[in-house]
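So you know, we letter chains A, B, ... as the sequences are listed, proteins then strands, and number each from 1. In this text the structure is predicted, and so the values were computed from the model without any measurement. For the numbers below, each heavy atom of this structure counts, side chains included, while hydrogens, waters and symmetry mates do not.
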Protein chains: 2
Amino acid sequence: MLRLTKKADYGLMAVKLLAEHWLRQPDEANRALSAKDIADAYHIPPQLLAKILQTLARTGILVSHAGIYGGYSLARNPESITAFEIIRAIDGPLFITSCITVNGNCDLVGTCTIKEPLSKVNDSIREVLTKIRMIDMCEPPVGTAHGHEKTELVTLDTHSH
Amino acid sequence: MLRLTKKADYGLMAVKLLAEHWLRQPDEANRALSAKDIADAYHIPPQLLAKILQTLARTGILVSHAGIYGGYSLARNPESITAFEIIRAIDGPLFITSCITVNGNCDLVGTCTIKEPLSKVNDSIREVLTKIRMIDMCEPPVGTAHGHEKTELVTLDTHSH
DNA sequence: GCTCCTACGACCACTCTAGTCCTATAATCA
DNA sequence: TGATTATAGGACTAGAGTGGTCGTAGGAGC
Ligand code: SF4
Ligand code: SF4
């Protein structure tokens, strides 16, 4: 539940890489990265990523450039691109429950008593995602450093018994 | 994406109704509501709701009582029950991405550069859900009242037709 | 013209969701 | 005791959604 799709996940990774590339390459000429480049960098399926980037280009977050030495680059500077935009562009505008954004296929909308509280939850999550700009993901060690490096929660315990 | 399952949705509605029933009925005797009662109140599939309530009882949020005049009631007072518990009990502990809580079937965990930012998003959402107690959902017109009464949505219409 | 790239629709395997059905069991009352 | 009412839980299914592939069309530079 409440899980992000992998497409949105891939999209965030791609835009993050493009944002870093943008910051590294001030001249516009070399700003583009092809879908295959990004896919290779993260070992994600190239054709799938291509479609994701196409979607992002269609919504105006990226600009595409066909032909040799073509590819994708950011349409705006990475300060103005939020994680919310990217997720919304890829996964659509739908949110927590069926009834909130769309008028909903849920026929309980008359008797339901929790759609207003959940609507607030929805707003909170959207706000959290909107606050995250791509430039924030590019520079991890800025402020709010409370020691405790590494944050190694995963530990990857694949103890194959 | 980021959508709550309907089971969790139903679970929240049920616990909310039980919480209101708890507040109305100070004596412990009449606190129980059967699965069918709740299902009828909201027109949701009774057998599906039954399984949800069983799950909630198994995790200790509700207590069940078999037999005639049996049913479910809250295991604790509605101040200490959060929306997060209910959602987690029904939909499991999994969250935003595959890699955060579980060790993850995602094999990009080595190259991925966004799992730490997303982990913070995950924490934010969990915090939002943890802050919502059931008693908060029961009393809408407390502060932040901007007119718009009505609040009488449940009305417990067990009118046996 | 060739090659590299985007654009897009069709397609598929797989998983998850929502819901049903069935049987077993526990508690209450007559 | 037995009937009734309720929970407990497993098996199962149709449908939707996800993750991913393939093939083709078309634009851009050499
Ligand atoms: S109306 Fe209620 S039950 Fe239906 S989707 Fe909205 S919150 Fe969920
Ligand atoms: S490792 Fe990265 S790509 Fe994989 S699930 Fe986590 S955030 Fe997503």
Side-chain angles (χ1 to χ4, degrees), chain A residues 1-11 13-14 18 29-40 42-59 62-73 75 87 90-92 94 97-98 105-108, chain B residues 1-11 13-14 18 29-40 42-59 62-73 75 87 90-92 94 96-98 104-108 158 160:
Chain A
M1 63 79 155
L2 269 178
R3 199 177 305 150
L4 217 55
T5 63
K6 274 205 165 166
K7 290 186 187 180
D9 213 345
Y10 294 159
M13 292 166 70
L18 285 169
N30 284 7
R31 264 184 200 161
L33 287 176
S34 78
K36 191 174 182 307
D37 289 341
I38 304 173
D40 285 349
Y42 293 122
H43 309 107
I44 58 188
Q47 312 222 48
L48 180 57
L49 180 65
K51 297 185 84 166
I52 295 167
L53 295 176
Q54 284 163 26
T55 305
L56 292 174
R58 215 177 303 127
T59 55
L62 304 180
V63 287
S64 64
H65 194 63
I68 196 169
Y69 298 124
Y72 297 90
S73 56
I87 294 172
I90 296 172
D91 284 345
L94 29 145
T97 57
S98 329
N105 44 1
C106 180
D107 47 349
L108 308 175
Chain B
M1 63 81 156
L2 270 178
R3 199 177 307 153
L4 217 54
T5 63
K6 274 205 165 167
K7 290 186 187 180
D9 214 345
Y10 294 159
M13 292 166 69
L18 285 169
N30 283 8
R31 268 185 197 160
L33 287 177
S34 77
K36 190 172 182 310
D37 288 341
I38 303 173
D40 284 350
Y42 293 121
H43 309 105
I44 59 188
Q47 311 222 47
L48 180 58
L49 181 65
K51 297 185 86 165
I52 296 168
L53 296 175
Q54 285 164 26
T55 305
L56 291 174
R58 216 178 302 126
T59 57
L62 303 181
V63 287
S64 64
H65 195 62
I68 196 169
Y69 297 125
Y72 296 89
S73 55
I87 294 171
I90 295 171
D91 283 346
L94 30 143
I96 301 272
T97 57
S98 327
N105 46 359
C106 179
D107 48 349
L108 307 175
T158 54
S160 55

task: Could you check B:Gln47 against B:Lys51 for side-chain contact (heavy atoms from CB on, under 4.5 Å), going step by step and ending with a plain yes or no?
output: CA-CA 6 Å; B:Gln47 311 222 47; B:Lys51 297 185 86 165; 6.0 Å; no

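- With rounding to the nearest 0.5 Å, the separation of OG in A:Ser73 from CG in A:Leu33 is 8.5 Å.
- Among all heavy-atom pairs drawn from B:Thr55 and B:Ile90, the shortest one is CG2-CA, 4.5 Å.
- The shortest distance between the side-chain N/O atoms of B:Ser64 and the OP1/OP2 oxygens of D:dA8 is below 4.0 Å.
- Protein atom CD1 of B:Ile87 is 14 Å distant from nucleotide atom P of C:dT17, rounded to whole Å.
- Across all non-hydrogen atoms, the minimal contact from A:Ala50 to A:Tyr72 is O-OH, 4.0 Å.
- Note: NZ (A:Lys7) to P (D:dT21) measures 12 Å, nearest angstrom.
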What pairs of nitrogen or oxygen atoms, one from the protein and one from nucleotides 28-30 of chain D, lie under 3.5 Å apart?
unit_1	atom_1	unit_2	atom_2	d
D:dA28	O4'	A:Ala66	O	3.4

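- Each of A:Ala35 and B:Leu4 lies near DNA chain C, and the nucleotide nearest A:Ala35 is the one positioned closer to the 5' end.
- Rounding to whole angstrom units, CG of residue A:Leu62 and C1' of C:dC5 are separated by 15 Å.
- The two residues A:His43 and B:Leu108 come nearest to each other via the heavy atoms O-CD2, 3.3 Å.
- B:Val63 and B:Ala75 get closest at one heavy-atom pair: CG1-CB, 3.8 Å.
- D:dT7 atom P lies 11 Å from atom NZ of B:Lys36, rounded to whole Å.
- Regarding B:Tyr72, its OH atom lies at a distance of 15 Å from the P atom of C:dA26, rounded to whole Å.
- Nearest heavy atoms, A:Ala39 versus A:Pro46: CB-CA, 3.6 Å.
- Phosphate contact (OP1/OP2 of C:dA18, side-chain N/O of B:Tyr10, threshold under 4.0 Å): absent.
- Listed by residue number, A:Gln47, A:Leu48, A:Lys51 are the residues of residues 47-59 of chain A with a heavy-atom contact under 4.0 Å to DNA chain D.
- Between A:Lys6 atom NZ and C:dC14 atom C1' there is a gap of 13 Å when expressed in whole angstrom units.
- Here the closest heavy-atom approach between residue A:Ile52 and residue A:Gly11 is recorded as CG2-CA, 3.8 Å.
- A:Met13 places its CE atom 14 Å from the P atom of D:dG19, with the value rounded to the nearest Å.
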task: Kindly determine whether A:Ile87 and A:Thr5 satisfy side-chain contact (heavy atoms from CB on, under 4.5 Å), including the steps that lead there.
output: CA-CA 9 Å; A:Ile87 294 172; A:Thr5 63; over 6 Å; no

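- Distance A:Asp91 CG to D:dT18 P: 7 Å, rounded to the nearest Å.
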